[in-house]
Amino acid sequence: MYITEEQILEWLQEVKDPEIPVLSLVDLGVITDIDIDDHRVRVTITPTFVGCPAIDYMKQDISDVLNSYGIDHVDVVVSFEKSWNSNMITEKGRKALKDFGLAPPPKHNLIVDIDILERIECPNCGSTNTILNSPFGPTACRSIHHCNDCKETFEQFKPV
């Protein structure tokens with residue numbers, strides 16, 4: 001069976017982020033390299049942060065999905081050689097976050113200051129008349145905001 005990197009990426013769309021089940025690891029930007037050598041596939045992942053408690057779960061899910069397509073030899077390697085940043089989230093991933101009710105992180109020039117955490121677009125009504133309630137959300141990668149127009153409280157996937 002001849003397989004390509006594109007085929008592997010398509011199959012890995014089935015592997016969802018354990019905390020945001022509408023977002024694939026591919027669209028989250030966590031899959032950072034794929035190496036194919038005959039019937040062996042090596043997938044490199046770069047978690048969103050060093051202490052991510054879901055690393056083992058993600059590794060197993062990647063292996064399980066590729067095994068289901070007949071790839072028996074799967075190596076999943078965790079690498080921090082290149083740091084993950086929120087600009088690595090695809091446009092499809094940003095839309096999935098918004099549709100899920102999470103404000104996607106804005107694109108940035110890799111310099112994140114407090115201004116980028118304020119006046120986030122509300123995923124419910126689209127207003128930017130919002131305030132940061134807390135930089136600490138239910139997970140390390142989320143913050144909590146409030147929309148002054150629709151009066152809803154919402155979470156943002158933090159820019160990193």
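Below, all heavy atoms of this structure are taken into account, side chains as well, without hydrogens, waters or symmetry copies.
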Reported [atom1]-to-[atom2] distance for the pair [X] and [Y], which is rounded to 0.5 angstrom:
X: N67; Y: D72; atom1: CG; atom2: CG; value: 6.5 Å
X: D38; Y: H73; atom1: CG; atom2: NE2; value: 10.5 Å
X: D27; Y: M88; atom1: CG; atom2: CE; value: 12.5 Å
X: T90; Y: L97; atom1: OG1; atom2: CG; value: 9.0 Å
X: S134; Y: E155; atom1: OG; atom2: CD; value: 10.5 Å
X: T153; Y: I131; atom1: OG1; atom2: CD1; value: 8.5 Å

Just checking [X]: does its [atom1] atom have more than 12 heavy atoms from other residues, nucleotides or ligands closer to it than 6.0 angstrom?
X: F49; atom1: CZ; answer: yes
X: K107; atom1: NZ; answer: yes
X: H39; atom1: NE2; answer: no

* To do: Only one of N133, T130, I144, L102 passes side chain to side chain contact (heavy atoms under 4.5 Å, CB included) with F154; say which it is.
  =>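 So, applying the side chain to side chain contact (heavy atoms under 4.5 Å, CB included) to F154 and each of N133, T130, I144, L102, only T130 qualifies.
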* Answer yes when D75 and R40 have at least one side-chain N-carboxylate O distance shorter than 4.0 Å, and no when they do not. =>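 Yes.
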Quick check: do [X] and [Y] have side-chain heavy atoms less than 4.5 Å from each other?
X: F100; Y: P21; value: yes
X: L66; Y: L12; value: yes
X: K158; Y: S86; value: no
X: S143; Y: L132; value: yes
X: D61; Y: L25; value: no

* Asked: Do the side-chain N and O atoms of T46 and T32 include a donor-acceptor pair separated by under 3.5 angstrom?
  ->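 The criterion, which ignores hydrogens and geometry beyond distance, is satisfied for T32 and T46.
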* To do: Compute whether any side-chain donor of one residue and acceptor of the other, for E14 and Y69, lie under 3.5 angstrom apart.
  =>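 Side-chain D/A pair, E14 to Y69: present.
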How close do [X] and [Y] get, heavy atom to heavy atom, and via which atoms?
X: A96; Y: L23; answer: CB-CD1, 4.4 Å
X: C125; Y: C147; answer: SG-SG, 3.6 Å
X: K59; Y: V78; answer: CD-CG2, 3.9 Å
X: N85; Y: V160; answer: CB-O, 3.2 Å
X: I3; Y: I71; answer: CD1-CD1, 3.8 Å
X: P104; Y: Q156; answer: O-NE2, 3.8 Å

* To do: Output, in order, the C-alpha distance, side-chain angles, deciding distance and verdict of side chain to side chain contact (heavy atoms under 4.5 Å, CB included) for I31 and I45.
  => CA-CA 5 Å; I31 307 292; I45 63 173; 3.8 Å; yes
* Given V76 and S63, is the side chain to side chain contact (heavy atoms under 4.5 Å, CB included) satisfied, shown in steps? -> CA-CA 7 Å; V76 182; S63 291; 3.8 Å; yes
* Please check if the side chain of D17 supplies one atom and the backbone of V22 the other of a donor-acceptor pair under 3.5 Å. =>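 No, the answer is negative, given that no donor and acceptor are paired below the 3.5 Å cut-off.
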* Shared hydrophobic cluster, V77 / F80 (ILVMFWY, side-chain heavy atoms < 4.5 Å) ->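 No, it is not one cluster - the side chains of V77 and F80 are not joined through contacts under 4.5 Å.
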* To do: Say whether I62 and Y57 are linked into one hydrophobic cluster, either directly or through other cluster members, by side-chain heavy-atom distances under 4.5 angstrom.
  =>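 No; tracing contacts between hydrophobic side chains, which count when under 4.5 Å, never links both residues.
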* To do: Let me see the working for I20 and L28 under side chain to side chain contact (heavy atoms under 4.5 Å, CB included), right down to the final yes or no.
  => CA-CA 10 Å; I20 308 169; L28 184 57; 6.0 Å; no
* Could you give me the CA-CA distance, side-chain angles and deciding distance for S24 and K92, then say whether side chain to side chain contact (heavy atoms under 4.5 Å, CB included) is met? => CA-CA 10 Å; S24 76; K92 180 181 170 189; 5.8 Å; no
